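Just below is one structure, and these are the notes that go with it.
Here is the naming used below: chain letters follow the sequence lines, and residue numbers restart at 1 for every chain. This one's a predicted model, so the numbers in the text were calculated from it and none came from an experiment.
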Protein chains: 2
Amino acid sequence: MGRPTIADIAQRVGVSKGAVSFALNGRPGVSEATRARILEVAREMNWRPHSAARALGGARAEAVGLVIARPASTLGVEPFFAQLLSGLQARLSRQQVAMHLLVVEDSEAEIEVYREWTSAHRVDGFILVDPKVRDPRFAALEELGVPAVVLGGPGRHGALASVWADDREAMLSVVDYLAALGHRRVAHVAGLPGLRHTQRRMRALRDSVKRLGLVDAVSLPTDFSDAEGAAATRTLLSRGSRPTAIVYDSDVMALAGLGVAGEMGVTVPAELSIVAFDDSVLTRVTHPSITSLSRDTFALGGQVADVLLEVIADPGARRDLKTGTPRLVVRQSTAPPALGRRTKAV
Amino acid sequence: MGRPTIADIAQRVGVSKGAVSFALNGRPGVSEATRARILEVAREMNWRPHSAARALGGARAEAVGLVIARPASTLGVEPFFAQLLSGLQARLSRQQVAMHLLVVEDSEAEIEVYREWTSAHRVDGFILVDPKVRDPRFAALEELGVPAVVLGGPGRHGALASVWADDREAMLSVVDYLAALGHRRVAHVAGLPGLRHTQRRMRALRDSVKRLGLVDAVSLPTDFSDAEGAAATRTLLSRGSRPTAIVYDSDVMALAGLGVAGEMGVTVPAELSIVAFDDSVLTRVTHPSITSLSRDTFALGGQVADVLLEVIADPGARRDLKTGTPRLVVRQSTAPPALGRRTKAV
DNA sequence: TCCCGCAACTAGAGCGGTTTAGTACCGCGC
DNA sequence: GCGCGGTACTAAACCGCTCTAGTTGCGGGA
């Protein structure tokens with residue numbers, strides 16, 4: 001015999017399938033004595049529910065979906081994703097909710113997966129990451145009527161729940177600090193230009209120019225890879241009017257930038273201050289250690305999971321959770337600019 | 001109306017459910033004309049298969065399971081896992097196979113999840129990671145008769161397929177190199193002592209003592225965290241007879257170790273050589289960059305996925321794929337030991 | 001004593017597919 | 001004209017579970 005079904009149990013105990021179902025799901029309709037016998041036999045026969053059969057009846061899938069439209073090869077590089085995943089798992093696994101993970105080519109494929117998984121009752125809800133500037137995914141998810149939470153900035157995601165940090169405020173706090181140190185030439189090695197938070201950070205920097213009397217404030221977009229981070233840094237440091245401080249949109253790029261500075265003979269922090277927009281083990285263990293905007297990505301994952309579970313439990317609820325703005329953790333890579341040495345010195 | 005079912009399509013086209021099923025699955029039993037009409041209507045109605053219903057009938061789940069018994073908080077720290085996951089995804093998503101991911105407390109819980117997902121037809125197979133010294137999971141998976149692939153060392157996993165690298169050989173190549181440079185006191189900051197590959201590496205080091213005439217060759221087990229890696233390094237560098245070279249079982253720990261060396265005034269590589277047993281962006285961007293055993297973890301993930309898909313397609317097949325032994329990539333963190341400065345100098 | 005109400009259970013429909021057994025029809029050879 | 005074989009289809013069983021609408025039996029109130 002293959003795996004036992006409730007019919008097998010029913011036969012063995014001498015009751016109907018219905019009674020077994022009631023007993024196993026802890027609902028009224030059977031006497032305590034019968035329930036005990038049924039549970040006993042179920043244990044004995046090593047019975048386990050068949051979630052597909054349950055799902056057919058419209059029950060929860062006890063799983064959430066995370067579809068990522070990025071080249072799979074970049075996932076491993078960014079500590080952010082791994083941390084987020086960890087945080088999500090920590091929270092979800094407490095409720096025995098699994099995660100369905102898939103990496104796809106682009107947003108279009110992503111939407112198709114949303115469709116498929118939704119109509120197949122494969123998951124109870126989705127986590128949407130990397131919100132873009134004009135993002136077709138919001139409308140698609142809303143149309144499907146499936147619970148979902150957007151990880152990203154405020155507003156503009158229709159009726160979907162969201163968890164977000166204030167990127168603008170965070171960027172402003174960095175620039176304020178650098179300006180207070182005396183920096184007037186601040187550069188920004190940004191992430192993918194299509195992402196909303198990239199745009200928001202770039203705008204925040206631009207908006208600071210007048211307010212803080214900056215001389216220069218350029219943002220160079222990249223693809224988040226260490227290679228492009230290094231290349232952007234080389235570009236910036238090769239200019240006639242070299243920036244005295246560079247803000248990186250990720251820790252990996254900041255690290256790469258630090259490497260380039262070393263290779264070009266630019267000392268950090270004396271000649272160049274470096275700030276990373278994400279914190280992880282990386283920024284702590286380098287020499288000099290890197291000043292960064294620290295947010296607890298692991299905790300963030302937990303919050304995202306929380307909101308999603310909430311929305312799944314009560315689809316009417318609309319939550320917008322603003323997480324704490326990343327705090328600036330000052331380490332050894334930032335200092336006042338060396339006066340008079342602002343020009344090319346390669 | 002909710003999502004359309006094949007019954008809806010059948011009604012609209014004016015045929016039976018069976019005919020629709022045949023048409024949609026490309027099997028004989030309907031004329032080309034009818035098939036075309038059915039496909040047309042299905043497209044029009046935006047129909048999508050309900051995988052739960054299919055699963056009930058015994059079809060593939062088009063998903064594989066990865067259950068990890070580690071504290072979720074450590075997942076984000078290790079680039080290895082993220083890389084592996086990326087590689088797996090890259091391969092799986094090409095076949096539209098998703099991954100079911102869950103983090104659990106211990107092996108026992110892990111086995112229970114294997115049971116549940118198997119009997120629920122939730123996945124078609126499993127990837128088993130972190131094989132342990134006496135591992136109850138092998139027997140459990142074999143008993144369930146579900147396809148699975150073990151990521152780890154050779155042999156000892158019963159009839160399960162496996163993908164493995166030769167840890168022993170890798171460790172020997174490192175120690176040989178260090179000995180050739182002149183090192184006689186080599187220490188090893190190992191990973192979790194319960195893991196097979198940890199044991200294998202420790203044994204390889206021990207076995208080298210006589211062969212290479214080493215004076216000292218101690219292995220300190222850790223939990224893979226940067227904290228314990230740092231602590232172990234402190235312990236080693238505080239000894240009267242300090243090692244001149246340390247091999248770390250992960251890149252994160254090597255990085256932490258490099259930090260500790262800096263903090264204790266021990267220069268790398270002049271006074272201490274450092275080798276990491278895993279390569280990633282981390283080892284490349286530090287100063288000095290870290291000599292490491294490089295293996296393409298992303299590719300490894302792909303290979304694991306390949307073998308699993310193969311075993312799923314043909315459950316009779318038994319594959320044991322030995323991947324290339326990690327190559328030693330020499331960078332700036334290794335050098336001959338400074339003569340006469342082998343003793344305490346803090 | 002009779003009937004009501006409730007607890008404890010059963011029977012069976014339904015979820016959305018797949019698959020098998022069966023049927024209607026057609027052209028063909030003899 | 002009849003049987004034969006093949007094609008195109010239909011009807012319904014089936015997968016494992018849930019859940020609703022009954023059915024039975026029993027105790028208690030009037």
Any idea how B:H100 and A:H100 line up, ring-wise: parallel (<30°), tilted (30 to 60°), or perpendicular (>60°)?
perpendicular
Taken to the nearest whole Å, CD/A:Q11 to P/C:dA11 is 13 Å
Tell me the interatomic distance from A:H121, atom NE2, to D:dT18, atom P, rounded to whole angstroms.
15 Å
Sugar-phosphate only, base, or nothing, as touched by B:V15 at under 4.0 Å among non-hydrogen atoms
sugar-phosphate
Which part of the nucleic acid does A:G29 contact within heavy-atom distance under 4.0 Å: base, sugar-phosphate only, or nothing?
base
Ion pair check, B:R35 and B:E32, cut-off under 4.0 Å:
yes
Between A:K17 (NZ) and C:dG12 (C1'), how many Å, whole number?
8 Å
Keeping the roles fixed (side chain from B:S21, backbone from B:K17), state whether a donor-acceptor pair exists under 3.5 Å.
no
May I ask you to evaluate whether B:S31 reaches the phosphate of D:dT7, defined as a side-chain N or O under 4.0 Å from OP1 or OP2?
no
Atom CG of A:L24 and atom P of D:dC19: how far apart are they, to the nearest Å?
13 Å
Assign B:S51 to base, sugar-phosphate, or nothing according to its heavy-atom contacts below 4.0 angstrom with the strands shown.
nothing
Phosphate contact (C:dT18 OP1 or OP2) by B:R27 side-chain N/O below 4.0 Å
no
Measure from CD1 on B:I38 to C1' on D:dA8 and round the result to the nearest Å.
11 Å
How long is the line joining CG of B:D8 and P of C:dC15, in whole Å?
10 Å
Please tell me if B:R3 has a side-chain N or O lying less than 4.0 Å from either OP1 or OP2 of C:dG17.
yes
Report, as yes or no, whether the 6.0 Å neighbourhood of atom CD on B:E44 holds more than 12 heavy atoms from other residues, nucleotides or ligands.
yes
Hey, which sits more toward the 5' end of DNA chain D by its nearest nucleotide, B:A53 or B:R35?
B:R35
For atom CG of B:N25 and atom C1' of C:dT20, their distance in whole Å:
15 Å
Report which part of the nucleic acid B:S21 touches: base, sugar-phosphate, or nothing (heavy-atom distance under 4.0 Å, all strands).
base
Does OP1 or OP2 of C:dT18 have a side-chain N or O of B:R54 closer than 4.0 Å?
yes
Atom pair distance, as rounded to whole Å: CZ in A:F22 and C1' in C:dT10:
10 Å
